[in-house]
Enquirer: 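Have a look at this one.
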Amino acid sequence: MHNHPNICSPTLAERFNPRANNFDAIRLFAASLVLFSHCYPLTRSKGEPFSPLGVSGGDLAVAIFFVISGFLIARSFKERRLAEYLLARALRIFPGLAVVLLFAVFVIGPSATTLPLAAYFTNSQTWVYLSGIFIVDLQFRLPGVFETTPYARTINGSLWTIPLEAVWYLILPALAGLGLLHRGTFCGVLLIFLILYAVGVQFYGLGFGPHRGPQLFSVVTTYPFLRYGTFFMIGTGFWLYREHIPMHGAIAAAFVGGLYLSAKTPAFPAFLTVALPYLVFYVGMSGSRGKALTSRLGDLSYGTYLYAFPVQQMVAHLVPEIGAWQMFAIALPVTLGFAALSWRYVEYPSLALKKRRRPLPENSVPIPESSALL
């Protein structure tokens, strides 16, 4: 009798090693993919490679971010008290964001504005831009800056996803408080989001961008909230059911084949929603070569995401006739340089302020036991 491989083993729980996985490398790839995708509208170039599928590279990248975030944030929420969890999230977002806003106002702005510097620095719009640190009222313009670039008058278009990410950091404990974040109820919650997202696809199509549907909060509108929130919830589900989810090459290959066969068909959006998360975790748990790379460089994904758009706009400002691939070749290494500085001098020191994870004592759980993650 031949021994057949057990398709149910190893599970995600067995494969997951918080100190040896490829998540940082995947996120850096996703941030670079956002940069690559933005090269097309920022140079008025056509032929973005993913556009025949009805999506953009940036859309896929943001979905990857939210899948990983849902998984890791659920873990963080489980292993910290609520106050420590919120502090950890704030330390991850706000220091890097604050510095990139200052960089825009004091470096990008004076270098690219068409106004005299005195007029630039006395214009109220210059200082209002810094209110973006509160993420509830993000600003995208500085006076006289990037007025003639192909994607005019936008300093950092990537920032719109930050309030969306932040609100999901708050929704997670809210769901737990309502008793909806454990195995017995989570499938129902996820099903509701999948249905709402499917309705959103019917109304708005499978597109990318913040301005789709009625505005909900900050700059976030209905469709992106449903789309990327669904990916976040799927990532959370992978954490909750990690002991029951097999990580097997045959399953990954089937998903890749399904994506290929469903490409350019009406079934692609639904299949992508199922296949992409699994493939992210399969690659994320496949050894730790990515971890070896990012251990030397640091986690450059957030810094790459923060600095890519203003660097690309500056390239478009300085070289007006540049093409998409030329912009990518120039902007990527420059952006990675800023990301390395951000990680070394801003993000890493800020994250060092977090308290070490520790299991919550049974007699001091801040959320009712019925609402626990597991």
Side-chain angles (χ1 to χ4, degrees), residues 31 34-35 37-39 41-42 58 61-62 65 89-170 208-225 228 302-318 331 334-335 338-339 341-342 346-347 350:
V34 171
L35 186 156
S37 180
H38 283 168
C39 286
L42 295 182
V62 174
F65 277 128
R89 295 304 92 220
L91 290 173
R92 189 67 187 102
I93 289 180
F94 291 109
L97 176 61
V99 174
V100 80
L101 293 176
L102 291 169
F103 175 78
V105 168
F106 292 103
V107 179
I108 294 288
S111 301
T113 184
T114 57
L115 301 178
L117 288 183
Y120 170 81
F121 281 113
T122 56
N123 191 305
S124 62
Q125 190 178 42
T126 301
W127 306 108
V128 169
Y129 185 86
L130 294 176
S131 67
I133 189 61
F134 300 110
I135 71 176
V136 294
D137 187 24
L138 284 173
Q139 304 294 313
F140 294 93
R141 297 184 178 185
L142 285 170
V145 180
F146 301 144
E147 296 285 345
T148 60
T149 56
Y151 202 92
R153 295 179 295 279
T154 300
I155 307 302
N156 198 338
S158 296
L159 297 186
W160 73 270
T161 63
I162 292 179
L164 178 56
E165 177 92 3
V167 80
W168 278 100
Y169 293 166
L170 301 177
F208 171 69
H211 307 299
R212 301 174 67 104
Q215 187 171 355
L216 296 179
F217 55 89
S218 186
V219 295
V220 177
T221 54
T222 305
Y223 176 81
F225 175 78
Y228 302 121
Y302 186 45
T304 299
Y305 193 79
L306 288 176
Y307 286 90
F309 203 100
V311 167
Q312 289 173 278
Q313 283 285 64
M314 182 59 78
V315 171
H317 171 72
L318 295 174
V334 175
T335 299
F338 281 117
L341 292 173
S342 177
V346 181
E347 298 167 55
S350 299

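In what follows, every heavy atom counts, from backbone to side chain, and hydrogens, waters and symmetry copies are set aside.
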Enquirer: List the atom of Gln125, the atom of Asn123, and the distance in Å for their closest heavy-atom pair.
Expert: N-OD1, 2.8 Å
Enquirer: Do you know which two heavy atoms are closest between Ser158 and Val34, and how far apart they sit?
Expert: OG-CG1, 4.3 Å
Enquirer: Working note: His317 + Ser111, criterion side-chain contact (heavy atoms from CB on, under 4.5 Å); need CA distance, chi angles, decisive distance, verdict.
Expert: CA-CA 10 Å; His317 171 72; Ser111 301; over 6 Å; no
Enquirer: Could you measure the distance from the CG atom of Leu102 to the CD1 atom of Ile108? Nearest 0.5 Å is fine.
Expert: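 One gets 13.0 Å once the value is rounded to the nearest 0.5 Å.
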Enquirer: With rounding to the nearest 0.5 angstrom, report the CZ to OG1 distance, Arg153 to Thr148.
Expert: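 Rounded to the nearest 0.5 Å, the CZ-OG1 separation comes to 10.0 Å.
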Enquirer: Do Tyr169 and Glu165 have side-chain atoms, one donor and one acceptor, less than 3.5 Å apart?
Expert: yes
Enquirer: Does the side chain of Val128 reach to within under 4.5 Å of the side chain of Ser131, using non-hydrogen atoms?
Expert: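 Yes; the side chains approach each other to less than 4.5 Å.
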Enquirer: Ignoring hydrogens, what is the shortest heavy-atom contact between Ala339 and Gly303? Give both atom names and the distance.
Expert: CB-C, 3.6 Å
Enquirer: For residues Leu138 and Asn156, determine if any side-chain heavy atom of one lies less than 4.5 Å from a side-chain heavy atom of the other.
Expert: no
Enquirer: Any side-chain to backbone donor/acceptor pair from Thr113 onto Pro110? Under 3.5 Å, distance only.
Expert: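 No, the answer is negative, given that no donor and acceptor are paired below the 3.5 Å cut-off.
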Enquirer: I need the minimum non-hydrogen distance between Leu115 and Pro143, along with the two atoms involved.
Expert: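 Minimum heavy-atom contact is CD1-CB, 3.7 Å.
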Enquirer: Do you know the tightest heavy-atom contact between Ala104 and Leu142?
Expert: O-CD1, 3.4 Å
Enquirer: Does a side-chain heavy-atom distance below 4.5 Å link Leu306 with Leu159?
Expert: yes
Enquirer: Looking at Thr122, is its backbone amide N or carbonyl O close enough to the side chain of Trp127 to form a donor-acceptor pair, meaning the two atoms are under 3.5 Å apart?
Expert: no
Enquirer: Quick one: does any side-chain atom of Tyr120 pair with a main-chain N or O of Val105 as donor and acceptor, under 3.5 Å?
Expert: yes
Enquirer: Using side chain to side chain donor-acceptor pair (under 3.5 Å) as the criterion, list what pairs up with Gln313, not counting sequence neighbours.
Expert: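 In terms of side chain to side chain donor-acceptor pair (under 3.5 Å), with neighbours along the sequence ignored, Gln313 is linked to no residue.
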Enquirer: Just checking Phe106: does its CZ atom have more than 12 heavy atoms from other residues, nucleotides or ligands closer to it than 6.0 angstrom?
Expert: yes
Enquirer: So how far is it from Arg141 CZ to Thr126 OG1, rounded to the nearest 0.5 Å?
Expert: 13.5 Å
Enquirer: Fit a plane to each ring of Phe65 and Tyr305, take the angle between them on a 0 to 90° scale, and name the class: parallel (under 30°), tilted (30 to 60°) or perpendicular (over 60°).
Expert: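 Rings of Phe65 and Tyr305: perpendicular, as their planes differ by over 60°.
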Enquirer: Test side-chain contact (heavy atoms from CB on, under 4.5 Å) on Leu35 and Thr335 and set out the steps.
Expert: CA-CA 9 Å; Leu35 186 156; Thr335 299; 3.6 Å; yes
Enquirer: Could you tell me the separation between the OH atom of Tyr302 and the OH atom of Tyr307, rounded to the nearest 0.5 Å?
Expert: 9.5 Å
Enquirer: Would you check, one step at a time, whether the test side-chain contact (heavy atoms from CB on, under 4.5 Å) holds for Leu97 with Ile135?
Expert: CA-CA 9 Å; Leu97 176 61; Ile135 71 176; 3.5 Å; yes
Enquirer: Which atom pair, heavy atoms only, marks the closest approach of Val220 to Pro163?
Expert: CG2-CG, 4.2 Å
Enquirer: Please report the interatomic distance CZ(Phe338) to OG1(Thr304), rounded to the nearest 0.5 Å.
Expert: 12.0 Å
Enquirer: Nearest 0.5 Å, what's the CD-CZ distance between Gln312 and Phe146?
Expert: 10.5 Å
Enquirer: Under the side-chain contact (heavy atoms from CB on, under 4.5 Å) rule, what do Phe140 and Trp160 come out as? Steps first, then yes or no, please.
Expert: CA-CA 9 Å; Phe140 294 93; Trp160 73 270; 4.3 Å; yes
Enquirer: Does Thr149 reach the main-chain N or O of Tyr151 with its side chain, forming a donor-acceptor pair under 3.5 Å?
Expert: yes
